2 protein chains.
Amino acid sequence: MIVDILRNLYYRPMQPIAEIANALSRSIPSVTKQLNGLLMKDIIVEKGYAASTGGRKAIQYMLNEDLNHIVLSLSIDQFYTSIASSNLRTEVLHSENNIPIDLKGPEASAIIMDSLEDFLSKHQIRKHLVIGIGISMPGFVNSETGLNESYSEDSSLYNIREQIENRFEIPAVIDNDSRCVAWAEKKFGEAQDSSHSLVINLNWGVGLGILINDDIFKGTSGFAGEFSHIPLSDTLTLCSCGKRGCLEVEASISAAIRNIQKDIKKGAYSIYEKLELEHNNKVEALIKSVQIGDQVAINNIGKIGYLLGKGISTLIHILNPHRIIISGRGAEIGQILAPHIQVAVNEYSIPKIAKKTTLSISTLHRSAQQLGTTALVIEKFIARIIN
Amino acid sequence: MIVDILRNLYYRPMQPIAEIANALSRSIPSVTKQLNGLLMKDIIVEKGYAASTGGRKAIQYMLNEDLNHIVLSLSIDQFYTSIASSNLRTEVLHSENNIPIDLKGPEASAIIMDSLEDFLSKHQIRKHLVIGIGISMPGFVNSETGLNESYSEDSSLYNIREQIENRFEIPAVIDNDSRCVAWAEKKFGEAQDSSHSLVINLNWGVGLGILINDDIFKGTSGFAGEFSHIPLSDTLTLCSCGKRGCLEVEASISAAIRNIQKDIKKGAYSIYEKLELEHNNKVEALIKSVQIGDQVAINNIGKIGYLLGKGISTLIHILNPHRIIISGRGAEIGQILAPHIQVAVNEYSIPKIAKKTTLSISTLHRSAQQLGTTALVIEKFIARIIN
DNA sequence: CATTTCTTTTTAAAAAATTTAAAAAGAAAT
DNA sequence: ATTTCTTTTTAAATTTTTTAAAAAGAAATG
């Protein structure tokens, strides 16, 4: 139970005993006892009183701010990797964002590890203070075995977790990127107040994290949430997975970019073209274009929004969620996307079912994946802060 | 906890203490204590020894066979209603099957209640022995409120549970038909050994019961599993729900029947025509036709099987279940359907995800809904057998 | 075939957790 | 300033679980 208390105080500092007891479904005397033990060891401290609700004020507890443990996170996507170190207050100490690493490249795993090595020496991070390394990446990641089954057994990305753990001699944990984003929304974002939400991780592809009973739902082999390859329409566009009409082909940011480029070829003017050259990152360029107000970009975002909404209506029918949260990098243009998604949801779903489902846009911005990846380490290795 | 023990012994008689303790996640001494209390009251009895696994034989417990409590079940579908009474050994004592009651008719609820009244007097059922009445019917049934929200508030079917409870002065409970079928599969059928399965209730429409963590998943407003209205294809056929391309329109038994009738009109010969007149029940006629080997019927079943498989592949992608179980009345032609479903699943889903999902056909036959509906009463009212 | 060894169930004692009740600490009202 | 009302915290009583010991069989050994 001590570990549960620590995890709880990580996510939500400054809690009275009653609140912790309630969150862990344990009695106040039991929690009090454990809390006293942690106080003795200086792992937690008393910190002020909770606002009175009419009676005696409750003492609040939090993790000792003197604890200088560090959590490392590797947020990997198809083309870019971000590294961050953070403390036990979820504050980022150092970060290196958008290091261009193409996962399809032959030495992806070596480059990732070298980047981490550079990061550690550049910021003089002392290994013995690091609780663990969290890794999030796209693909069929089985968090139990630590393997990314999207890659063949001879690929160096197949068992990247193990490689990192061995090379740096620090415990490492890995999970799918969308599940990390979903967990971040559950603990810090829009899914906090809901026990049953769906988090759409909009990036190059379209990921889905399913939250059921306040927990990530993984399915029987750990691959639940493969939203991006459900058949969406009868078009003939071929998907990378080999099937036709997959949602990803038509309703992802990649699809929008493809369509914008088509429009430009046809003669339309769009600032996207220029921004792509400047940023050297297509997603960033698209987001900027939309924010500037580029009509071609906005139109195409509207189109994928509508198709995404069609896919989402399937999710609503099957899972009847409390919330649908648009998160991941794409959340930055969520305000533009949302109305189109909503239109399609209204069109394709039965009102009675969709009535209690609200669509919201993440406010965690680009930090969602990092927060979730860091939390992965807390979930698994927080016990390491006890002596 | 006593209630949990009773429920457990209902579903699975002849269990040793250790097995009960394990199933309820409680300690052996606690279970032993409660069991002794129940023995004293003659609610349960010791019954022989379990087969030895090497050491001391364990005493088995079961509900006292002298208990003469009765459970009533009303299994309602769009056109027919079945009534059954059963004892605490899941044995059906009396039943009245397929009473033709059209739910769209103006006095459906009155006819249902009169039928139940007749049933009670015909079989001389003493009310004070009845633990409760279970009701299962299609539609947006909110089991918490006991209301069927598919009907408007002024419809007599909207609050049929309450009406029955008041008229017969027996506690009543209601849930959606597909969820009852799923629960029956979980407790008595193909889903017993799996904690995460999907049960397809194939009848006039296509229902879905979702089993997650050994429990029925209901969603945020109790309407999860509306599988039948997900967009399946871009055809223009209009669904009763007002949308186009719904799965139900193309992949239900009703669809198969429609297609057979079309074929017959075009001049094809099918025994279905004759059987429909004989049985005066289209589903029964279709099932018979297939069993006899009628080619037109078999071809059309193949077609809906394939489309159903396409829909199922969406479920597999999103929920990555351990088992997909074809149940409900349609399970009787499951052997014919299964290969077509499998073909479509192979075609439309990513092998990596679908690999661990097995497709199975229910062996509960037509009793699935009755078993689940009866279990509804056990779940809610079993405590009534104490004193 | 009796005795020993190994397993597993059941009972008993010890430890831990929860539930209930009482005491302490504030806030609001008289 | 005192009383009343709330809520937190501590304490005592139950309940439950964990651990250990005893009982009952099955299988193996000589």
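Each chain gets a letter, A, B and so on, in the order the sequences are listed, and its residues count up from 1. What you see is a predicted model, and the numbers here were worked out from it, not measured in a lab.
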TODO: Hey, which sits more toward the 5' end of DNA chain D by its nearest nucleotide, B/Arg26 or A/Ile28?
DONE: A/Ile28
TODO: Please state how far atom CG in B/Leu24 lies from atom P in D/dT17, giving the value in whole angstrom units.
DONE: 10 Å
Open item on the list: Run A/Ile20 and A/Leu35 through side-chain contact (heavy atoms from CB on, under 4.5 Å) and show every step you take.
Closed with: CA-CA 10 Å; A/Ile20 300 172; A/Leu35 241 35; 4.2 Å; yes
Open item on the list: Classify the ring geometry of B/Phe140 against B/Phe223: parallel below 30°, tilted from 30° to 60°, perpendicular beyond 60°.
Closed with: tilted
TODO: Any chance you could lay out the side-chain hydrogen bond (donor to acceptor under 3.5 Å, both in side chains) test for B/Ser197 and B/Glu185, step after step, and finish with the verdict?
DONE: CA-CA 9 Å; B/Ser197 302; B/Glu185 293 295 342; over 6 Å; no
Task: Atom-to-atom span, CG of B/Leu39 to P of C/dT10 - whole angstrom - done: 12 Å
Open item on the list: Tell me whether the side-chain N or O atoms of A/Arg56 pair up with the base of D/dT7 as donor and acceptor below 3.5 Å, since no angle test is needed here.
Closed with: no
Open item on the list: Both distances below 3.5 Å, Watson-Crick or wobble geometry, any strand: find the nucleotide opposite D/dA11.
Closed with: C/dT20
Task: Distance, rounded to the nearest Å, where B/Lys57 contributes NZ and C/dT10 contributes C1' - done: 16 Å
Task: Atom-pair distance (CG on B/Asn22; P on C/dT8), nearest Å - done: 14 Å
Open item on the list: Categorize A/Pro29 for me: base, sugar-phosphate, or nothing, with a 4.0 angstrom heavy-atom threshold over every strand shown.
Closed with: base
TODO: In whole angstrom, give the distance that lies between atom CD of B/Glu46 and atom C1' of C/dT10.
DONE: 12 Å
- [ ] Write down the distance between CD1 (B/Ile17) and P (D/dA24), rounded to a whole number of angstrom.
- [x] 15 Å
Task: B/Lys33 NZ - D/dT14 C1' separation (whole Å) - done: 9 Å
Open item on the list: Both distances below 3.5 Å, Watson-Crick or wobble geometry, any strand: find the nucleotide opposite D/dA24.
Closed with: C/dT7
Open item on the list: Looking only at the side chains, is there a donor atom on one of B/Tyr11 and B/Glu379 sitting less than 3.5 Å from an acceptor on the other?
Closed with: yes
Task: Short side-chain to backbone donor-acceptor contact, A/Arg89 and A/Glu65, under 3.5 Å - done: yes
Open item on the list: If you assign A/Tyr49 and A/Ser30 each to the DNA chain C nucleotide with the nearest heavy atom, which residue ends up on the more 5' nucleotide?
Closed with: A/Ser30
TODO: Would you kindly give the CD-to-P distance between A/Gln60 and D/dT7, to the nearest whole Å?
DONE: 17 Å
